[in-house]
Amino acid sequence: MADLEDRQVVDPGIDESIAGLTPDRIERTINRVLTEETGARLQAYLQTCVHCGLCAEACQSYISRDKDPDYAPVAKVKDTLWEMVKRKGKVDGEFLHNAARIAYIDCGACRRCSMYCPFGIDISYMIMTVRRILNLLGVVPQYLQDTTNSHAATMNQMWVQQDDWIDTLMWQEEDARSELAGARIPLDREGAEIMYSVIGPEPKILAQLIANMAIIFKVAGADWTMPSTDGWDNSNMAMYSGDFETMGRVERLHWERASELRVKRVVMGECGHAYRGAVYDGPRWLGWTKPPIPMVHAVEYYYELISSGRIRIARKIEEPVTVQDPCNIVRGRGLHDKLRYVVNAICADFRDMDPRYEHNYCCQAGGGLINCGPPWKRSRMKSNRVKADQIRDTGAHTVITPCHNCHSGIEDIIGFYKLGCHVSFISELLVKTIEMPDA
Amino acid sequence: MVDCGSWDWTIGKRAISDLGRVHDEYDEVHEWAASPDGERVAAPVLAAPDTFAIVVNQERWDGEFEKAWHLAFTPDGRLTALVRIDDEWTLAVDGEPWDERWEFAWNPIFNRDGSVIALQIKDNMEYSVAVNGVPWQRRFHSSRGLAVSRDAGRVAAVVQVNPLAEADTVGFFEGTWSLAVDDVPWDATFINAYGPTVSDDGAAVAAEVRLGICEYTLAENAIPWEQRYGCVWEPSYRNGSGRLVAPVRIGGSWTLAENGVPIWGGRFMQLWNQRLSSDGRRIAAVAAAGFGRWTVVVDDRPWRTSFDDLVRPPVFSPDGARVAAGVRRGGRWSFAVDDRVWPETFDMVWDPVFSPGGGTVAAKIERDGKYAVAIDGRPWSPWYDQLWDPTYSPDGTRMLIRGVEGGRFVRHVVGVADRFQA
Ligand code: SF4
Ligand code: SF4
């Protein structure tokens, strides 16, 4: 039985929306998605699963919750999508309430379990199908829906107004110049080699990360630009709420902006889900098999700069550090070795997590979970016990998190489990360690 | 449309400005902008710490600014720049800042002859639009997206007309967005509104609107089409008939609809960036025939060639007979013209330009960090350090090249039929 406290969480985005649904609308919506938006892939997964339960041990929420069978990946599908299929869409409000909690909160769509399934069944795909149905019914956790609404209205995740975006870039340029003479954030420079894109929270609450990149680009002698208009945000919580139309609109704009600026590639900041949205889910929804213009994650870019000698490390961080492997760039893209190359280049005492690389546990903040907001924080923390243990065991003082969701999620874990360490993006360490031109 | 008939079309090269000297004189020189006729080249420069000036052909505008950026020439050749003075923003036109200043100003756009300049403004945390320096009376909670009619100078903006509290997801779906046209908001509100467009004569204004979680349509002069779609993209007006066309998604596939009715039989995985011939009779759009099979569809007939990476918005020849587009395949850029792909590939391409008679196609290209003009598939000009789009003379016999060579900005008029004399 799922955690009683979790079942009692009040979320108007779920509770009030369900209250307004009719049985007919529920049935029609479920069957519409099942017939028009899914196909052989879903059928193959549903028919292939032998209910062996081998995926259970892979899931951090299952392990963290004392192996409660309700948190096993296969159970999460069985209690949601399988029932919807079996009952041909004839499910009630109580069922949807449970399904929403499972799909949005208990599963972070991290895909760890599919590595352990003997058939490679992608549980995350099925959970995303549940989210799609719930989205079309309007049953989405309120905070996640608000983030999606922001994407729809402003083309960014944090309701950033167009003038605030430009103003923030100018202000960050001034900050960067105070650290390094001549540093710039060139806006709309057509024909630059690189368009740098970030996620919505950066201009809103972590603007110094943009100044950090201006310094890194300047030291590297990069030919880069940022768009002054919508399309600058590479993040996409609409992908996780199930509003794929908004997801597509956001991704289209991002890629159109890059195309209009005639850049050779897009370098993106330290974010994992944004990589998934911009490289995989978004392009496919729009008709591409891959991003139309190459996209390089910050970790890959730092690796390129350090390994080629375009930036040099003048001093190393001495305190012990560990690193979180963000699911979407490690399981999703295989950047674990480059990540460790960068971390070892800038840190003297790197202590790896166990398990690591693509086997590392998810922070259980990605997949839209952290955007479900305060009502669900405690639930999220309960599913994070194994992550807390893992971090504690490294003895690290700093957890390097090259992903915004990992960063915020692990910050919460550190506070909740009183781990006594802190989190850092790579760029924050890089600007402390790189050799500045006039040094 | 730039009226280039009055430009100097004398064959020959003139050095307009020694950019190297400007770079020597100032610690920082930002992005250069060239006038359409190639007679001027301008950039913001750092005149003193935290003080910017605009340099035009080595001469400085009189004023200095706390910030200056977004240099753009109007179609009638005036130089505009967004400038900050005493912590307020405005637009400077040929060195003269507008009288009115605001907390913020951005996104200047021009009508066809440059007689109308509209930009978005913010004051006292409210949003609006200024046209030729005069702000609208009405203020809004937000404003995103601006359009101006090409001929009549009518201005439309996507505006948020109702307030929305933080995390008010219910209020959001009641609709807070609308359009405002020449200072007057539409009566209707929508969940979202995107892609405003104004007919050339200013008689009609349209936008994509969202009516439900997954329910979209087009609205024209505040009235939504009766049909509802799973998604829509930005609309365009057809010259001549004045009808509105837009890509719409029906079921799982896309087609083109006109005034609410599909006019193409073709169904595509994706369809966008429709462009119309100047008489409005022909329509070309970018489509995906399947995953990673991007092409151009002209009047409902897809090209046979397809491209895995990207197809840029198509361009019609002036007579509407031919269509060209920049394309990217296997990571290399090229051009496709009337379903034929130019064999040479480049590191980057800019949008093609047809000669007035439509017989030749020219475009700016880049290879190894140098730029040239290609004509009909082959690099034709010398390679420059920097280059702007080429322009044909009205009779199509000559071409104006605006480029930077040896640190100097040059304007070079060349006979198109001649071998290029560098
Ligand atoms: S959270 Fe990850 S491991 Fe657990 S069920 Fe979801 S995708 Fe599988
Ligand atoms: S491991 Fe695979 S087959 Fe076994 S229960 Fe999990 S999803 Fe089903």
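Atoms considered below: every heavy atom in the structure, side chains included; atoms not considered: hydrogens, waters and symmetry mates. Every value quoted in this text rests on a predicted model; they were computed, and no experiment measured them. Each chain gets a letter, A, B and so on, in the order the sequences are listed, and its residues count up from 1.
- The contact between B/Asp351 and chain A is made by backbone and side chain atoms together, counting heavy-atom distances below 4.5 Å.
- With a threshold of 4.5 angstrom between heavy atoms, A/Asp163 approaches chain B through its backbone and through its side chain.
- With a threshold of 4.5 angstrom between heavy atoms, B/Arg328 approaches chain A through side-chain atoms but not through N, CA, C or O.
- Between B/Arg144 and A/Asp164, no side-chain nitrogen of the basic residue sits less than 4.0 Å from a carboxylate oxygen of the acidic one, so the salt-bridge criterion is not met.
- Only the backbone of B/Asp168 comes within contact range of chain A, judged by heavy atoms closer than 4.5 Å.
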Using ring pair (Phe, Tyr, Trp, His ring centres under 6.0 Å), reason through B/Trp89 and B/Phe104 one step at a time and then give a plain yes or no. CA-CA 5 Å; B/Trp89 286 89; B/Phe104 214 86; 5.2 Å; yes
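- A cation-pi contact, defined as under 6.0 Å to the ring centre and within 45° of the axis, is absent between B/Arg312 and B/Trp333.
- For A/Glu174, the part lying near chain B is the side chain, with the backbone staying farther off; criterion is any non-hydrogen pair under 4.5 Å.
- In this structure, no portion of B/Val158 lies under 4.5 Å from any heavy atom of chain A.
- Contacts of B/Phe307 with chain A are absent, with no heavy-atom separation under 4.5 Å from either backbone or side chain.
- Expressed to the nearest 0.5 Å, how far CG of B/Leu146 lies from CD of A/Gln162 amounts to 9.5 Å.
- Taking B/Trp294, B/Trp177, B/Tyr371, B/Trp69 one by one and counting their heavy-atom pairs under 4.5 Å with chain A, the maximum is reached by B/Trp294.
- With a threshold of 4.5 angstrom between heavy atoms, A/Thr154 approaches chain B through its backbone and through its side chain.
- Both the backbone and the side chain of A/Asp167 come within contact range of chain B, with heavy atoms under 4.5 Å apart.
- Here the rule is salt bridge (Lys or Arg N to Asp or Glu O under 4.0 Å) with B/Asp347, and of B/Arg367, B/Lys364, B/Lys370, B/Arg332 only B/Arg332 fits it.
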Chi angles and distances behind the salt bridge (charged side-chain N to carboxylate O under 4.0 Å, His left out) call for A/Lys290, B/Asp309: CA-CA 8 Å; A/Lys290 57 185 189 291; B/Asp309 292 333; 2.9 Å; yes
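- In this structure, the portion of B/Gln120 lying under 4.5 Å from any heavy atom of chain A is its side chain and not its backbone.
- Here OG of A/Ser17 is found 10.0 Å from CG of A/Leu134. Values are rounded to the nearest 0.5 Å.
- Of the candidates A/Arg184, A/Lys264, A/Arg189, A/Arg265, A/Asp223 forms a salt bridge (Lys or Arg N to Asp or Glu O under 4.0 Å) with just one, namely A/Arg189.
- Taken from CG in A/Asp188 to CH2 in A/Trp232, the straight-line distance is 14.0 Å, to the nearest 0.5 Å.
- Contact annotation for A/Trp255: neither backbone nor side-chain heavy atoms come within less than 4.5 Å of a heavy atom of chain B.
- Neither the backbone nor the side chain of B/Glu215 comes within contact range of chain A; no heavy atoms are under 4.5 Å apart.
- Neither the backbone nor the side chain of B/Phe268 comes within less than 4.5 Å of any heavy atom in chain A.
- Neither the backbone nor the side chain of A/Val140 comes within less than 4.5 Å of any heavy atom of chain B.
- By number of non-hydrogen pairs under 4.5 angstrom with chain A, the leading residue of B/Glu103, B/Arg249, B/Glu166 is B/Arg249.
- Interface remark: B/Leu46 contributes side-chain atoms only to the contact with chain A (heavy atom separation under 4.5 Å).
- Remark: B/Glu126 CD to B/Phe140 CZ distance equals 10.0 Å, nearest 0.5 Å.
- For B/Phe291, the parts lying under 4.5 angstrom from a heavy atom of chain A are both the backbone and the side chain.
- Of the possible donor and acceptor atoms, none in the side chain of B/Thr176 sits under 3.5 Å from a partner among the backbone N and O of B/Leu164.
- A cation-pi arrangement is present between A/Arg249 and B/Tyr194, with the terminal nitrogen or guanidinium carbon under 6.0 Å from the aromatic centre and inside a 45° cone about the axis.
- Residue with the most contacts toward chain A among B/Asp27, B/Val349, B/Leu310: B/Leu310 (heavy-atom pairs, distance under 4.5 Å).
- Using a 4.5 Å cut-off between heavy atoms, B/Asp50 does not touch chain A at all.
- Using a 4.5 Å cut-off between heavy atoms, A/Met155 contacts chain B through its side chain alone, with no backbone atom that close.
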Salt bridge (charged side-chain N to carboxylate O under 4.0 Å, His left out), that's the test. Do B/Arg84 and B/Asp87 meet it? Break it down for me. CA-CA 6 Å; B/Arg84 196 176 84 190; B/Asp87 227 12; 3.7 Å; yes
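- For a residue to count as touching a neighbouring chain, one of its non-hydrogen atoms must lie under 4.5 Å from one of that chain's; by this rule B/Glu366 touches chain A with the side chain only.
- Contact of B/Trp350 with chain A is made through backbone and side chain together, with heavy-atom distances under 4.5 Å.
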